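Remember, predicted model here, so these are calculated numbers, not experimental data.
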Amino acid sequence: MKTDWSVWQPRERANLCFVTRGDEVLLIHKKRGLGAGKINGPGGRLEPGETAAQSAVREVQEELGVTPLDPQLRGELHFQFADGYALHCSVFSADGCEGEPVETDEAIPLWVKRDEIPFERMWADDRHWLPGCLEGRHFRGFFEFDGETMLAHSLEWLEASALT
């Protein structure tokens, strides 16, 4: 599989939002949907008429019962799966949240120290961009997967103004 990213179009658009608190990041144990059973950041698909930022806030509220404070766009992820599924994901970070995270039917909240992020229980791409994201860096990543196996990837670190 060799994706021509210059003409690639996503089938769906989604987001992730990583809430931080001091040296900790709020992750979830995902209970259902794409990546069920994995550790990830809260997030999900955009609904009609939503911006990526609006969707990120809504998804964190739905999955964990908290509201992220002033989410900032950090990056864009492009995923092409061997089965034809194509996903564009906007990645946000937020310094803190209103409320205390609670378990929902979608997710179990986990506050994790940044140097103890369980990458072995996450999608294979996360180890490439998440540490930089949590440092406030901006990025654009391109990933090819066959199921849960990453086949190829490329990652660019950017100036904030380069993100759309």
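- The shortest side-chain heavy-atom distance between Arg21 and Trp111 falls under the 4.5 Å cut-off.
- For the pair Ser93 and Thr20, the minimum side-chain heavy-atom distance is 4.5 Å or more.
- Leu110 and Val25 fall within a single hydrophobic cluster, where Ile, Leu, Val, Met, Phe, Trp and Tyr side chains are chained together by heavy-atom contacts under 4.5 Å.
- Pairs of residues two or more places apart, or lying in two chains, never qualify as ring pair (Phe, Tyr, Trp, His ring centres under 6.0 Å) while including a residue from residues 34-62.
- Centroid-to-centroid, the aromatic rings of His78 and Trp8 come within less than 6.0 Å.
- For Asp95, the CG atom counts as loosely surrounded, since its 6.0 Å shell holds 12 or fewer non-hydrogen atoms of other residues, nucleotides or ligands.
- Proximity of Ile117 to Leu134: side-chain heavy atoms (C-beta onward) are separated by under 4.5 Å at one or more points.
- No side-chain heavy atom of Phe139 sits under 4.5 Å from any side-chain heavy atom of Leu163.
- Shown are Trp5, Tyr85, Phe142; of these, the side-chain contact (heavy atoms from CB on, under 4.5 Å) with Gln80 is made only by Trp5.
- For Arg137, there are no salt bridge (Lys or Arg N to Asp or Glu O under 4.0 Å) partners two or more places apart in sequence or in a different chain.
- Ring centroids of Phe143 and Trp123 are separated by 6.0 Å or more, keeping the two rings apart.
- Between the side chains of Thr67 and Gln61, at least one donor N or O lies within less than 3.5 Å of an accepting N or O.
- A side-chain donor from one of Ser55 and Asn15 sits under 3.5 Å from a side-chain acceptor of the other.
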inquiry  = Test salt bridge (Lys or Arg N to Asp or Glu O under 4.0 Å) on Glu106 and Lys31; report intermediate values, then the result.
reply    = CA-CA 5 Å; Glu106 294 186 52; Lys31 292 177 158 184; over 6 Å; no
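- At distances below 3.5 Å, not a single donor-acceptor pair connects side-chain atoms of Glu59 with backbone N or O atoms of Ala56.
- Side-chain atoms of Arg58 and Glu50, non-hydrogen and from C-beta on, do get closer than 4.5 Å to each other.
- The number of heavy-atom neighbours closer than 6.0 Å to CD of Glu159, taken from other residues, nucleotides and ligands shown, is 12 or below.
- Between Glu12 and Pro10, the closest side-chain pair of non-hydrogen atoms is not below 4.5 Å.
- Contact detail for Pro101 and Val66: the closest heavy-atom pair is N-CG1, 3.3 Å.
- A salt bridge between Lys2 and Glu144 is absent, with no side-chain N of the basic residue lying under 4.0 Å from a carboxylate O of the acidic one.
- To the nearest 0.5 Å, atom CZ of residue Arg45 and atom CZ of residue Arg11 are 10.0 Å apart.
- Atoms SG and CG, on Cys97 and Asp70 in that order, are 13.5 Å from each other to the nearest 0.5 Å.
- The distance from the CG atom of Leu16 to the CD1 atom of Ile28 is 8.5 Å, given to the nearest 0.5 Å.
- Residue pairs meeting the ring pair (Phe, Tyr, Trp, His ring centres under 6.0 Å) criterion with at least one partner in residues 11-65, sequence neighbours excluded, are Phe18-Trp129.
- Electrostatic pairing of Lys113 and Asp23 counts as a salt bridge here, judged by a charged N lying under 4.0 Å from a carboxylate O.
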